[in-house]
Student: 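My questions all concern the structure below.
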Amino acid sequence: MSILTVNTRPFSDQKPGTSGLRKKVPVFKQAHYLENFVQSIFDSIAAPQDASLVLGGDGRYYNREAIQIILKMAAANGFGAVLVGRGGILSTPAASCVIRKHKTFGGIILSASHNPGGPDGDFGIKFNSSNGGPATETVTEAIFAKSKTIFSYRILDVADVPLDQLCETTLGGMKVRVFDPVSDYAELMESLFDFAAIRALLKGGFKIKFDAMHAVNGPYAKEILEARLGAPAGSVMNGVPLEDFGGGHPDPNLTYAHDLVEIMYGVDAPDFGAASDGDGDRNMILGKHFFVTPSDSLAIVAANATLVSGYKQGLAGIARSMPTSAAADRVAKALNIPCYETPTGWKFFGNLMDAGKVTLCGEESFGTSSSHVREKDGLWAVLFWLNVLAVRKQSVEAIVRGHWEKFGRNFYSRYDYEGLPTEAANGVMQHLRESFSALTGKQFDKYTVQVCDDFCYTDPVDGSISKNQGIRILFADGSRIIFRLSGTGTEGATLRVYLEQYEPDVSRHHLDAQEALKELIGIALGISELQTLTGRDQPTVIT
Ligand code: VG1
Ligand code: CO
């Protein structure tokens, strides 16, 4: 067994996006591609000799091969131990939990999250720090810089490590501990929520359906919802993780989680439905014939937090990504706690949580979580809702409508234009930037533009500045239109348009969001000239 130093040449495209490096599988399979990025991580993070790491992924195609490569490289780079989820499986929130619980130096998570998998699908990799959260921009920038000058990497010349049984082996001087990916996480959930109350709710005939979308959360949901909480077998659907997610798009929204949506809007629908994504960090919440928008879900979780045992002492504060609706801000105001607005991506919440400034965080993209970990957490959100439902004994719809009555409703929608030619998408953004001064003060019927800018964030904890985080058109009545380019796609560009309008009038709360936002949508299309500049009449997905 010897350490090889392999000569390589830099790739120019290894810049991490919103959540790590994501590329098509054939890109990752190029000779040296994964190895270069992994060595760039190791060269950037200054781990002490014999440090330990957590390693696992969402089980998609290429997960196992990548894990073997990373293990051999970790051994050759002087790590003392790597904790690997059995079968190479580890959801993103569970990885965060294990890094924190076992106090490792950090972890490597293999996932392209909600993107499809398979030989022609997507693959991804990211580094999480010792707080359990995604590396900050300073670290990801350093990794990118290394990747541009790398000329060699180190790897052990050795046979593959068995990963399918709980065991401890050695690789060179490094320990490899294969652990149960579910147990630490399930234990953490039991410490936060009133499992007895949820068990009683389910025993009383309250029906639930959880769609794991053939992704990583299947084993977690089966253990927690069915085994520990007593939901009848079959409450978890699509519960076996598959390398290609059964050919599906593991993104929990009304478009891609269609199996579940059909059930929840059908006859004899269950009382509660939920789904999570490829790596288990996103969540979609549904009631009987009712959809809860993620922005509302964050606000409702915040407003009901003290009903839940792990949060009964109250919240330090809330943070939401900039495009997320301001529904949570209204709750924060009522609770007299701060509400922070950060750029898109969970890495911006870490400092706020580490500094004890916030307890809850959320994004409009079906992401909600708290400071129990440093990632968004799909099953956590599901359990939070179930705990609230067990205490309040009302339907999901009644809870949401009651919330709107009290706080008003923030109508919200996001339009995604996927797979655009990059130049066309950049053209829309450029056109908008050039229109800032002409737009400011302009009136569109009842809407007056108050501010147009490119969102710039100064981290309140370390003072770091992140520029160009999305174009904001802010209206005098609090309505907003946001334009942003996605940082997680692997093909062309995805343009996201986010629309929000606040409605205090209860008699209008029954309206469909698309109906309520009709005028704003018209304004957004008009000022961006999106249709002319991209040739697209319709968005690919509306959420
Ligand atoms: C998207 C979402 C963002 C989320 C990110 C990672 O990013 O908009 O809110 O944090 O995905 O989620 P973008 O740059 O494509 O808009 V996950 O569950 O894909 O790790
Ligand atoms: Co995800």
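Whatever order the structure lists them in is the order used to number ligands and atoms, beginning at 1. This is a predicted model, so every value here is computed, not measured.
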Student: Got a salt bridge between Asp122 and Lys24, using NZ or NE/NH1/NH2 to carboxylate O under 4.0 Å?
Tutor: yes
Student: Of the options Thr543, Leu254, Val382, Asp211, which is the one that meets Met284 in a side chain to side chain contact (heavy atoms under 4.5 Å, CB included)?
Tutor: Leu254
Student: Just need the protein heavy atom nearest to atom 4 (C) of ligand 1, so name the residue and atom and give the distance.
Tutor: Glu363 OE1, 3.5 Å
Student: Would one find an N or O of Gly487, backbone or side chain, under 3.5 Å from an N or O of ligand 1?
Tutor: yes
Student: Assess Lys148 against Phe144: is NZ or CZ under 6.0 Å from the centre of the six-membered ring, and within 45 degrees of the ring's axis?
Tutor: yes
Student: Which class fits the ring pair Phe179 and His102: parallel under 30°, tilted 30 to 60°, perpendicular over 60°?
Tutor: tilted
Student: Purely on distance, is any nitrogen or oxygen of Arg282 under 3.5 Å from one on ligand 1?
Tutor: yes
Student: Around atom CD of Glu491, are there more than 12 heavy atoms of other residues, nucleotides or ligands at under 6.0 Å?
Tutor: no
Student: What atoms of ligand 1 come closer than 4.0 angstrom to any heavy atom of Ser365?
Tutor: 2 (C), 3 (C), 4 (C), 8 (O), 9 (O)
Student: Which protein heavy atom lies closest to atom 7 (O) of ligand 1, and at what distance to 0.1 Å?
Tutor: Thr488 CG2, 3.5 Å
Student: As a test of reading the structure, name the N/O/S atom of Asp281 that is nearest the Co ion (ligand 2).
Tutor: OD1
Student: Under 3.5 Å, is there a donor-acceptor pair between the Tyr256 and Asp277 side chains?
Tutor: no
Student: Would you call Phe349 and Glu363 a side-chain contact if the rule is heavy atoms closer than 4.5 Å?
Tutor: yes
Student: Please list the nearest protein heavy atom to atom 20 (O) of ligand 1 with its residue and the distance rounded to 0.1 Å.
Tutor: Arg22 NH2, 3.0 Å
Student: Among Tyr61, Tyr33, Tyr62, which residue meets the ring pair (Phe, Tyr, Trp, His ring centres under 6.0 Å) test with Phe123?
Tutor: Tyr62
Student: Would you mind listing which atoms of ligand 1 come within a distance below 4.0 Å of any non-hydrogen atom of Arg496?
Tutor: 8 (O), 13 (P), 15 (O), 16 (O)
Student: Would you mind running through ligand 1 and noting each atom that sits below 4.0 Å from a heavy atom of Asp277?
Tutor: 18 (O)
Student: Considering non-hydrogen atoms of the protein only, which is the closest contact for atom 19 (O) of ligand 1, and what is the distance?
Tutor: His114 ND1, 2.5 Å
Student: Going by heavy atoms in the side chains, are Arg330 and Asn410 under 4.5 Å from each other?
Tutor: yes
Student: For Gly345, is the nearest heavy atom under 4.0 Å from an atom of ligand 1?
Tutor: yes
Student: Suppose we only allow N, O or S atoms; which atom of Asp277 ends up nearest to the Co ion (ligand 2)?
Tutor: OD2
Student: When you compare ligand 1 with Ser113, is there at least one nitrogen or oxygen pair between them that comes in under 3.5 angstrom?
Tutor: yes
Student: Is Glu364 paired with Arg496 through a side-chain N to carboxylate O contact shorter than 4.0 Å?
Tutor: no
Student: If you count the atoms of ligand 1 from 1 in the order shown, which ones are under 4.0 Å from a heavy atom of Asp281?
Tutor: 18 (O), 20 (O)
Student: Suppose I only count heavy atoms of Arg484 and a 4.0 Å limit; which atoms of ligand 1 are within that range?
Tutor: 13 (P), 14 (O), 16 (O)
Student: So, 2.8 Å as the limit: is an N/O/S atom of Ser19 located closer than that to the Co ion (ligand 2)?
Tutor: no
Student: As an exercise, identify every atom of ligand 1 less than 4.0 angstrom from a heavy atom of Thr344.
Tutor: 3 (C), 8 (O), 9 (O)
Student: Check Asp279 and report its N/O/S atom nearest to the Co ion (ligand 2), by atom name.
Tutor: OD1
Student: Decide, yes or no, whether a salt bridge links Arg480 with Glu341 under the criterion of side-chain N to carboxylate O below 4.0 Å.
Tutor: yes
Student: Is any side-chain N of the basic residue among Asp251 and Arg282 closer than 4.0 Å to the acidic one's carboxylate O?
Tutor: yes
Student: Measure the distance from atom 12 (O) of ligand 1 to every protein heavy atom, then report the residue, atom name and distance (to 0.1 Å) of the closest one.
Tutor: Lys376 NZ, 2.7 Å
Student: For ligand 1, which atoms sit closer than 4.0 Å to a heavy atom of Arg414?
Tutor: 8 (O)
